[in-house]
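Take a look at the structure below.
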2 protein chains.
Amino acid sequence: MAVDQLSAVFGALADPTRRAILARLTRGDATVAELSAPFAVSQPAISRHLKVLEQAGLISRSRRATARLSHLEAEPLRVVVAWLFDYREYWEESYDRLDGLLASLQDNPAD
Amino acid sequence: MAVDQLSAVFGALADPTRRAILARLTRGDATVAELSAPFAVSQPAISRHLKVLEQAGLISRSRRATARLSHLEAEPLRVVVAWLFDYREYWEESYDRLDGLLASLQDNPAD
DNA sequence: TTCTTTTAGAACCAGTTGGTTAAGAATGCC
DNA sequence: GGCATTCTTAACCAACTGGTTCTAAAAGAA
C-alpha cells in the first residue's frame with residue numbers, strides 16, 4: 001500500500017468499481033451484500049475493495065448484527081481538493097470550459 | 001493501462017514521483033534530464049513516468065533539438081474537479097475545515 | 001559522415017493488484 | 001448449544017507496476 005495519504009487516496013480512486021461504491025454510498029450507508037449486488041465480481045472481491053477504501057480513509061465501517069455497514073468519509077476528498085487547489089490557475093484557466101464540463105456531466109453522473 | 005480517463009488520471013496521480021514531476025512543470029516546461037535530476041531513480045524510469053502522464057493527458061511533449069520538453073496540461077485536472085463536484089456536499093460540509101486545510105498547506109505545498 | 005547528446009525501448013525482475021474458490025470468524029436466532 | 005447469515009481471510013493465479021541495465025534511435029555539431 002502507498003505510504004502517503006495522497007497516493008493511497010488517488011490509488012483507491014483509480015479503480016472504477018471503487019468509485020462506483022463511493023457513488024452508491026452517497027445515497028446512504030450500505031452492507032457488503034448491497035454493495036456487491038450491482039457488480040459481476042465475487043463478494044470477497046468487494047470486501048477487498050472496501051478494505052482499500054477504508055485504508056485510504058474514504059469509508060468507515062460499523063456493525064449491524066452480522067452485517068457491516070460502510071459509510072462515506074469526506075476528509076480524503078478534502079485532501080484531494082487541497083492538492084488540486086495548488087493547480088487552480090491551470091484548471092481555472094477557462095471557467096467556461098469547466099462550466100461546460102460540469103454541465104455535460106449533469107445528465108451523465110460520474111461512475 | 002486503465003480504459004477510462006478517470007482511472008488513468010487517478011492512477012497517474014497515485015505515484016509521488018509523478019506528482020512531483022507535475023509540480024515541477026508548474027514552474028515551466030522541462031527536459032527529461034531536468035525532470036530526472038531531483039530523483040534517485042534512473043532516467044529510463046522517469047521516461048516511463050512521463051509516458052504514463054502523457055497517456056493520462058496530464059502532459060504533452062515537444063522537441064527542442066535532441067531534448068524533449070514536457071508541458072503540463074490542465075484538462076485532466078478539470079475532469080477530476082468535475083468528478084469531485086458530485087461529492088461537494090460532502091467535502092464542503094465544513095468550509096472551516098477546508099479553509100484550515102488549505103491554510104496549513106500554504107507553507108507546505110503538495111509534493 | 002562521424003561523433004555527441006539526449007531520450008526511448010527492450011529485457012528482465014521483484015512486488016503489488018484484482019480476481020478466483022474454499023474455509024473460517026462473528027453475530028443473532030431457535 | 002447448534003445453526004444461519006454475513007462477511008473476512010487464506011491460498012492461489014495472471015496481469016500489471018516500477019525499478020534496473022543495456023542498447024538503439026533521433027537530432028545537432030564537427
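Here the structure is a predicted model, which means the values were calculated and not measured. What's counted below: heavy atoms across the whole structure, side chains too, no hydrogens, waters or symmetry copies. Numbers restart at 1 for each chain; the letters A, B, ... are given by sequence-line order, proteins then strands.
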Within-4.5 Å side-chain heavy-atom neighbours: B:Arg18 and B:Ile59: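 Not in contact.
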
Please examine the side chains of B:Val9 and B:Leu77, heavy atoms only from C-beta on, and report whether any two atoms are closer than 4.5 Å.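 Counting from C-beta outward, B:Leu77 and B:Val9 never come under 4.5 Å.
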
Given that A:Thr66 and B:Pro44 both sit by DNA chain C, which one's nearest nucleotide is further toward the 5' end?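 Comparing both residues, the 5'-ward one is B:Pro44.
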
What integer distance in Å separates [X]:[atom1] from [N]:[atom2]?
{"X": "B:Ile59", "N": "C:dT7", "atom1": "CD1", "atom2": "P", "value": "12 Å"}
{"X": "A:Gln43", "N": "D:dT8", "atom1": "CD", "atom2": "C1'", "value": "8 Å"}
{"X": "B:Gln55", "N": "C:dA8", "atom1": "CD", "atom2": "P", "value": "12 Å"}
{"X": "B:Leu35", "N": "C:dA8", "atom1": "CG", "atom2": "P", "value": "10 Å"}
{"X": "B:Leu69", "N": "C:dT6", "atom1": "CG", "atom2": "C1'", "value": "12 Å"}
{"X": "B:Asp15", "N": "D:dC16", "atom1": "CG", "atom2": "P", "value": "18 Å"}
{"X": "A:Arg19", "N": "C:dG18", "atom1": "CZ", "atom2": "C1'", "value": "15 Å"}
{"X": "A:Glu34", "N": "D:dC7", "atom1": "CD", "atom2": "C1'", "value": "13 Å"}

Looking only at the side chain of B:Val41 (C-beta and beyond, no hydrogens), which of the listed nucleotides C:dG28, D:dC7, D:dT20 gets closest?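 Nearest nucleotide to the side chain: D:dT20.
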
Short side-chain N/O contact from [X] to OP1 or OP2 of [N], under 4.0 Å:
{"X": "B:Ser42", "N": "D:dG19", "answer": "no"}
{"X": "A:Lys51", "N": "D:dT9", "answer": "yes"}
{"X": "A:Arg68", "N": "D:dT8", "answer": "yes"}
{"X": "B:His49", "N": "D:dG19", "answer": "yes"}
{"X": "B:Ser47", "N": "C:dA8", "answer": "yes"}
{"X": "B:Arg18", "N": "D:dG18", "answer": "yes"}
{"X": "A:Arg63", "N": "C:dA25", "answer": "no"}

Pair of N/O donor and acceptor under 3.5 Å linking C:dG9 base with B:Arg48 side chain: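 There is none.
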
Touch check for B:Ala45, heavy atoms < 4.0 angstrom, all strands: base, sugar-phosphate only, or nothing?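 Counting heavy atoms under 4.0 Å across all strands, the contact made by B:Ala45 includes a base.
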
Classify B:Arg64 by what it touches in the nucleic acid, base, sugar-phosphate, or nothing, heavy-atom distance under 4.0 Å.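 The answer is nothing, as B:Arg64 stays clear of every strand by at least 4.0 Å.
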
Kindly work out whether a path of hydrophobic side-chain contacts (I/L/V/M/F/W/Y, heavy atoms less than 4.5 Å apart) joins B:Phe39 to B:Leu35.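 They do share one cluster, since a chain of ILVMFWY contacts under 4.5 Å joins B:Phe39 to B:Leu35.
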
Determine, stepwise, if the pair B:His71 / B:Leu69 fulfils side-chain contact (heavy atoms from CB on, under 4.5 Å). CA-CA 7 Å; B:His71 175 80; B:Leu69 289 179; over 6 Å; no

Shortest non-hydrogen contact from A:Leu13 to A:Arg19?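 It is O-NH1, 2.7 Å.
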
